[in-house]
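Below is one structure, written out as structure tokens; comments come after it.
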Number of protein chains: 2
Amino acid sequence: MSNTREQILQTTCGLMEKQGYHGTGLNEIVKESGAPKGSLYHYFPEGKEQITSEAVLQSGKLTATRIQNGLSENSNAAKAIHDFVLNIAHHVEASEFAAGSPLTSVAMETATKSERINAACREAYSLLETAFKEKLLECGFTKTKAEELGTFITAAVEGGIILSRTYHSGDPLRMVAKHLKVLLSQ
Amino acid sequence: MSNTREQILQTTCGLMEKQGYHGTGLNEIVKESGAPKGSLYHYFPEGKEQITSEAVLQSGKLTATRIQNGLSENSNAAKAIHDFVLNIAHHVEASEFAAGSPLTSVAMETATKSERINAACREAYSLLETAFKEKLLECGFTKTKAEELGTFITAAVEGGIILSRTYHSGDPLRMVAKHLKVLLSQ
DNA sequence: CATTATGTAGACCAGTCGTTATAATAACAT
DNA sequence: ATGTTATTATAACGACTGGTCTACATAATG
């Protein structure tokens, strides 16, 4: 695997997480990644759509494994998810509210504009939902409940990140952690 | 109140809801609003930041009153919020997944980029949270619980809209409706 | 050594961005 | 009718956009 190509993708993930699809220019990616511009269209001949699609998918995979690893630290589902969301709150704060939710902006901007990027976003989100769902399955939830709650947890966390980044405070995410725990404990 | 000015603001609300801050150009606003081009900097001498801030706030106020009206149709909080979220699902579907969550994209894109727009987003979001909170207060929740749940509901609905727009399906929002009801009923 | 991919380097394109300056026009009070 | 202000029109600005192109270096293989 080419190192330059990987570098371009990672830089794209970071920039789009911070400022979305339209807010991120190819020149910016080139500059920040240190990659030569000639390489950009060498590795991604289909342009920005291709780079974005691959970056979105990469973000999804990375986030999904982070969820898996985070949740594996605790055998109780409610407690595991509670602590995991607290960790996100900390991460968002540590980034000065520029990180968290790497998919949101891109997903919203391209939902009805680019078939290709939208497909990547769907796949990425379903990876996240599945990661939560499987933890719930392990902990004895029925298949239906695990699926439904996987979606619900993803939505609540997603929304919590948005509020936390907007308010420049981890508190909304901490509220989400607390009440998800209530919901999962009953 | 100038009609042209109001038209520009409303058009900006709609376009930014669909495609975010960076995805919406001033020329596009001028064209779609039908407003004369020279009027833009006449009514908004501080440019795009000013237009966006005012549009965000207007979206927040409008959404907050929609929440109030929607929730007033049912005296039971859990049922009121459940039905209201189902209505959002329907609205998102009817828009072909281009509408819903008028603040999300702008809030994320500008959280660390524009002090002014960020302030408008905070104010707008707190209007939404308050709308939920007051319904809960009316229904007998304690002040603390109402506040916490107001934030949680806002986050969950916000996340549900993102998923629904991404998946091109109202189902995620319907999941959110269902499990919010569970949480609020216990 | 010659040949062929593969990757690097960046000038360059047409078009758009937000913004500004200037001027014409409309509305209105005096 | 005159002076004043509010509104609209036009064109241009410099910077940047995503994308293309050619020239060149390097490496691998024959």
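Each chain gets a letter, A, B and so on, in the order the sequences are listed, and its residues count up from 1.
Both A:Thr24 and A:Gly38 sit near DNA chain D, but only A:Thr24 has its closest nucleotide nearer the 5' end. In this structure, A:Ser39 and B:Pro45 both approach DNA chain C, and ranking their closest nucleotides by distance from the 5' end singles out A:Ser39.
Atom pair A:Tyr21:OH and D:dG18:P shows a separation of 8 Å (rounding to whole Å applied). As rounded to whole Å, 18 Å separates atom P of D:dT7 from atom OH of B:Tyr41. The interatomic distance linking A:Ile8 (CD1) with D:dG18 (P) rounds to 14 Å, in whole Å. If you measure from atom CZ of A:Phe44 to atom P of C:dG7, you get 12 Å, rounded to the nearest angstrom. Protein atom NE2 of B:His42 is 7 Å distant from nucleotide atom P of D:dT8, rounded to whole Å. The nearest whole Å value for the distance from the CG atom in A:Leu15 to the P atom in D:dG18 is 11 Å. For B:Leu40 and C:dT20, the CG to C1' distance is 13 Å, given to the nearest whole Å. Atom pair B:Leu26:CG and D:dT10:P shows a separation of 18 Å (rounding to whole Å applied).
Between A:Thr4 and C:dT8 there is a side-chain N or O to OP1 or OP2 distance below 4.0 Å. Close to D:dA6, at under 4.0 Å from its OP1 or OP2, lies no side-chain N or O of B:Tyr43. Between B:Asn27 and C:dC17 there is a side-chain N or O to OP1 or OP2 distance below 4.0 Å.
Across D:dG19, C:dA9, C:dT20, the shortest atom-to-atom separation from the side chain of A:Pro36 is found for C:dA9. For B:Lys37, counting side-chain heavy atoms from C-beta on, the closest listed nucleotide (D:dG18, C:dG18, D:dT10) is D:dT10.
A:Leu127 places none of its side-chain heavy atoms less than 4.5 Å from the side chain of A:Thr63. Here the side chains of B:Phe152 and B:Leu180 are in contact, with some heavy-atom distance below 4.5 Å.
The cationic atom of A:Lys48 (NZ for Lys, CZ for Arg) lies less than 6.0 Å from the six-membered ring centre of A:Tyr21 and within 45° of the ring axis.
Of the possible donor and acceptor atoms, none in the side chain of A:Ser101 sits under 3.5 Å from a partner among the backbone N and O of A:Leu103. Not a single donor-acceptor pair under 3.5 Å links the side chain of A:Arg116 to the backbone N or O of A:Glu49.
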